[in-house]
Amino acid sequence: MLIAFGALTGLPPERGAAASLDSRFGGHYERPLGQGAWGSGRLTMIIAIDGPAASGKGTIARRIAAHYQLPHLDTGLLYRATAAALIAEDRNLYDEAAAVAAARGLGLTEFDDATLRTRQMGDAASVVAAMPGVRAALIEAQRAFAARPGGAVLDGRDIGTVVCPGADVKIFVTASAETRAQRRALELIQSGEKANYEAILADIVRRDARDSGRAAAPLRPADDAVQLDTTHLGIDAAFAEALRIVEAARIKA
Ligand code: DC
C-alpha cells in the first residue's frame with residue numbers, strides 16, 4: 001500500500017494526497033452532519049493516545065477512532081517517513097539539516113507502508129524524532145489534523161504533552177518491555193517471518209531510552225493522562241478499558 005502525506009502537510013490535493021488519506025491513516029470515518037460524538041453541545045472530541053513502541057497504542061487508537069467514527073492519525077508514520085526519505089537519498093541519518101528538509105518535503109513523496117513499518121525504520125525514526133527541527137517541521141500538520149471538525153484520534157509519543165495539550169481525553173498506554181517484545185515476536189511469527197526475541201527486546205529497550213531520554217518532546221505521560229497498562233490485557237480487554245476511559249471523560253465533559 002502506498003502512503004502519501006500531501007493532505008497532512010497541506011499540499012494541494014492534486015498531489016494525490018487526498019485520495020490516499022484513507023489508506024494513510026488506516027481509516028477515515030465520516031460522521032453525519034450535526035451529530036456530535038461528544039456529550040451534549042460538544043461537537044469536537046480530540047483523543048490523544050501516547051505510549052512506547054509496541055505498547056498497543058496504535059491498535060487501540062484505530063479501534064477507538066472506528067468506534068467514534070473519527071479520523072485517526074498514526075503520527076509515528078511521519079517520523080518513519082522522514083527517516084525513509086533520508087535513507088532513500090543515502091543521507092546520513094544524523095544530518096539534522098537533511099532530516100528537516102526531508103520532513104518538510106513529505107508531501108511530495110509516496111511511501112510503501114510495508115517499508116515504513118519495519119523494525120529498522122522504527123529505530124531510524126526514533127533517531128530523527130530526537131531532532132527539534134524535525135519535530136518543529138511536523139507539528140503544524142498534526143495540529144491541523146486534530147483541529148478537523150468533529151475532532152480526531154492521534155497516537156504517538158507527545159500528543160498529550162506537546163501536539164494537543166488541550167485534548168479532551170489523554171491515554172498513556174504502557175506494557176512491560178518483555179511483554180511488548182513477546183507481542184512483536186508473535187506478530188512476526190504469525191506473518192510467517194523469523195523472530196529473534198532477544199534482538200526485538202534489545203531494540204525496544206533502546207528505543208524506549210531514546211524516546212524518553214531526548215530533550216525535545218520526550219515520551220512521558222501528560223499530567224492529566226490516564227495510564228493504561230496492557231501488560232496483562234489482550235487487545236479486546238485493552239480496547240474495552242480505553243473505551244471506558246473515554247466514556248468516563250465524556251460523562252465529565
Ligand atoms: O509509534 P512508532 O513506533 O511508529 O514511532 C516511531 C518513532 O517515531 C518512535 O520511536 C519515536 C518517534 N515518534 C515521536 O517521537 N513522536 C511521535 N508523536 C510519534 C513517533
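Every number for a ligand or one of its atoms is a count from 1 in the order of the listing.
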Whether Arg244 and Glu241 form a salt bridge (side-chain N of Lys/Arg under 4.0 Å from carboxylate O of Asp/Glu) is what I want to check.
yes
The protein heavy atom nearest to atom 12 (C) of ligand 1 is Ala129 CB, 3.5 Å
Polar contacts were defined as any N/O atom of the residue lying under 3.5 Å from an N/O atom of the ligand; does this apply to Asp211 and ligand 1?
yes
Transitively linked via ILVMFWY side-chain contacts under 4.5 Å: Leu228 with Ile204?
no
If you group Ile, Leu, Val, Met, Phe, Trp and Tyr by side-chain heavy-atom gaps below 4.5 Å, do Phe239 and Met45 land in one group?
yes
Could you tell me the residue and atom name of the protein heavy atom closest to atom 4 (O) of ligand 1, and the distance to it rounded to 0.1 Å?
Arg80 NE, 2.7 Å
Residue portion contacting ligand 1 (non-hydrogen atoms closer than 4.0 Å) for Arg157
both
Tell me, which protein residue and heavy-atom name are nearest atom 19 (C) of ligand 1, and how many Å apart are they?
Thr75 OG1, 3.4 Å
State which residue, out of Arg157, Arg180, Arg220, fulfils the salt bridge (Lys or Arg N to Asp or Glu O under 4.0 Å) condition with Asp208.
Arg180
On a heavy-atom basis, I'd like to know which of Asp158, Thr161, Val163 is closest to atom 18 (N) of ligand 1.
Asp158
Write down the atom of Gly151, the atom of Ile46, and the distance for their closest heavy-atom approach.
CA-CG1, 4.3 Å
Salt bridge Asp211-Arg206, side-chain N to carboxylate O under 4.0 Å
no
Around atom 6 (C) of ligand 1, find the nearest protein heavy atom and jot down its residue, atom name and distance.
Arg207 NH1, 3.4 Å
Ala125 heavy atoms, cut-off 4.0 Å: which ligand 1 atoms fall inside?
6 (C), 7 (C), 8 (O)
Are any of the N/O atoms in Arg135 less than 3.5 Å from those in ligand 1?
yes
So for Arg117 against ligand 1, with non-hydrogen atoms under 4.0 Å, the contacting part is neither
Those atoms of ligand 1 less than 4.0 Å from some heavy atom in Lys57
1 (O)
Around atom OH of Tyr197, are there more than 12 heavy atoms from other residues, nucleotides or ligands closer than 6.0 Å?
yes
Looking only at distance, does Tyr79 have an N or O less than 3.5 Å from an N or O of ligand 1?
no
In plain terms, say whether Arg210 and Asp123 are close enough for a salt bridge, that is, a side-chain N and a carboxylate O under 4.0 Å apart.
yes
